[in-house]
Protein chains: 2
Amino acid sequence: MDMPVRTSEDVDLDRLSTALGFLMRLAQLKIYERFFEEVGEHHLKPGEFSVLWVILHNPGIRQSVLGQRLMIKRAHMTKLIRALEDQGLVTRQVPDDDRRAVEITLTPAAADKVRQASHWFFTYEDSVGANLTRDERQQLTGLLRKFVGID
Amino acid sequence: MDMPVRTSEDVDLDRLSTALGFLMRLAQLKIYERFFEEVGEHHLKPGEFSVLWVILHNPGIRQSVLGQRLMIKRAHMTKLIRALEDQGLVTRQVPDDDRRAVEITLTPAAADKVRQASHWFFTYEDSVGANLTRDERQQLTGLLRKFVGID
DNA sequence: AAAAATTTGTTTACAAGGAAACAATCTCCA
DNA sequence: TGGAGATTGTTTCCTTGTAAACAAATTTTT
């Protein structure tokens, strides 16, 4: 990896230590870092997985809708989908009722792959926040769901 | 901006909708998006600001320590510090007791600038999570602090 | 004290992601 | 009906951040 070992904890963050945006960024970085440590490169990356997972559960979803829900910009989505297409994981289809749009579907091979990947993906997700109590983890999940406006 | 307007909420996320890592990523993206909408480009970016803020409160802090606390990798820190140096905002000094290290200090001009910037920065930070109740926001902050291991 | 291993910062090459401009299509309304 | 304006996806260029290899300095081992 990269980070050194000698940890000096005596850094004064002042007001930053209670700033919600700052804490969220740190939390996210921590989650990603541990993800790559534990799950490694052998599998799908988190971004790729979430895209494929959502396509699996919403066959024929349009790029724009996918991007809105996962907060992926259109320019970036184009690249992601092309990469997945090049790997033979998704199929693009222009619908008749709106020939600007593109509908995405998983190939059968990809569906299998995603279901397999979901095993270790959600195993990891379940391990996130293990330094919190069961109740705290539950609370945090609920608060984040409200924060981002899911349900 | 970029995101389209027509929002289709009927996307099935299945288990993803309770996955902590996924929710955290979404939350972070939402915060960043709103940051750039509201605060705009006229001021410091959040990453730059946090670096300068921490240097202000820890004069002579070493790059490595700064990086550990803000979870910025060394390769990236080098670039950030050089950019700040080029803007005349920080000073680099190699200490006698360890000539590999670099100690960073703000220039007087930068100290002023950071104190000014802190006004709108923390105003924004205070507005994060406005769709939560006061108690929920408090809870979320506390849980995130425990999650990332601050205090 | 000398060799081996570690730490720190840097460089280089690359991946992830965003902004702006664009073409094609669709919608709305005068 | 026929523009005017909006939406969708794409392309190009740019910013942010990472990985790997490296040099210099320090620490550890023997």
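These numbers were taken from a predicted model, which means no experiment stands behind them. Chain identifiers are assigned alphabetically (A, B, ...) following the order of the sequence lines, protein sequences preceding nucleic acid strands; residue numbering begins at 1 within each chain. These values consider heavy atoms only, across backbone and side chains, with no hydrogens, waters or symmetry-generated copies.
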Would you say CD of A:Glu85 has more than 12 non-hydrogen atoms from neighbouring residues, nucleotides or ligands within 6.0 angstrom?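 It does: A:Glu85 CD has more than 12 such atoms within range.
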Over 12 foreign heavy atoms within 6.0 Å of CD, B:Glu38: yes
Could you pick out which residue, B:Glu103 or A:Glu48, lies toward the 5' side of DNA chain C when each is mapped onto its nearest nucleotide?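 So the residue in question is B:Glu103.
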Kindly point out which of [options] is positioned nearest to the side chain of [X]?
{"X": "B:Val102", "options": "D:dA19, D:dT11, C:dG9", "result": "C:dG9"}
{"X": "A:Lys73", "options": "C:dG9, C:dA19, C:dT11", "result": "C:dA19"}
{"X": "A:His76", "options": "D:dT18, C:dA16, C:dG9", "result": "C:dA16"}
{"X": "B:Arg100", "options": "D:dA19, D:dA24, C:dC26", "result": "D:dA24"}

Could you tell me whether the phosphate oxygens of [N], OP1 or OP2, come under 4.0 Å of any side-chain nitrogen or oxygen in [X]?
{"X": "B:Arg99", "N": "C:dT8", "result": "no"}
{"X": "A:Arg74", "N": "D:dT7", "result": "no"}
{"X": "B:Ser64", "N": "C:dG9", "result": "yes"}
{"X": "B:Lys45", "N": "D:dT16", "result": "yes"}

Residue mapping more 5' on DNA chain D - nearest nucleotide basis, A:Leu29 or A:Ala101: A:Ala101
Tell me, do A:Arg92 and A:Glu103 make a side-chain contact under 4.5 Å, heavy atoms counted? no
What integer distance in Å separates [X]:[atom1] from [N]:[atom2]?
{"X": "B:Leu70", "N": "D:dG17", "atom1": "CG", "atom2": "C1'", "result": "14 Å"}
{"X": "B:Glu85", "N": "C:dT10", "atom1": "CD", "atom2": "C1'", "result": "13 Å"}
{"X": "B:Met77", "N": "D:dA19", "atom1": "CE", "atom2": "C1'", "result": "17 Å"}
{"X": "A:Phe49", "N": "C:dA16", "atom1": "CZ", "atom2": "C1'", "result": "20 Å"}
{"X": "A:Asp98", "N": "C:dT27", "atom1": "CG", "atom2": "C1'", "result": "10 Å"}
{"X": "A:Leu66", "N": "D:dT7", "atom1": "CG", "atom2": "P", "result": "19 Å"}
{"X": "A:Ile81", "N": "D:dT10", "atom1": "CD1", "atom2": "P", "result": "9 Å"}
{"X": "A:Arg62", "N": "D:dT10", "atom1": "CZ", "atom2": "P", "result": "14 Å"}

In terms of side-chain heavy atoms, does A:Ser127 have a donor or acceptor partner in A:Arg34 at a distance below 3.5 Å?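 A donor-acceptor contact under 3.5 Å links the two side chains.
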Check: D:dT18 base within 3.5 Å donor-acceptor of B:Lys79 side chain: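 Such a pair is found, so the answer is yes.
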Check the pair A:Phe22 / B:Trp53 against ring-ring contact (aromatic ring centres under 6.0 Å, His included), numbers first and verdict last. CA-CA 12 Å; A:Phe22 174 76; B:Trp53 179 260; over 10 Å; no
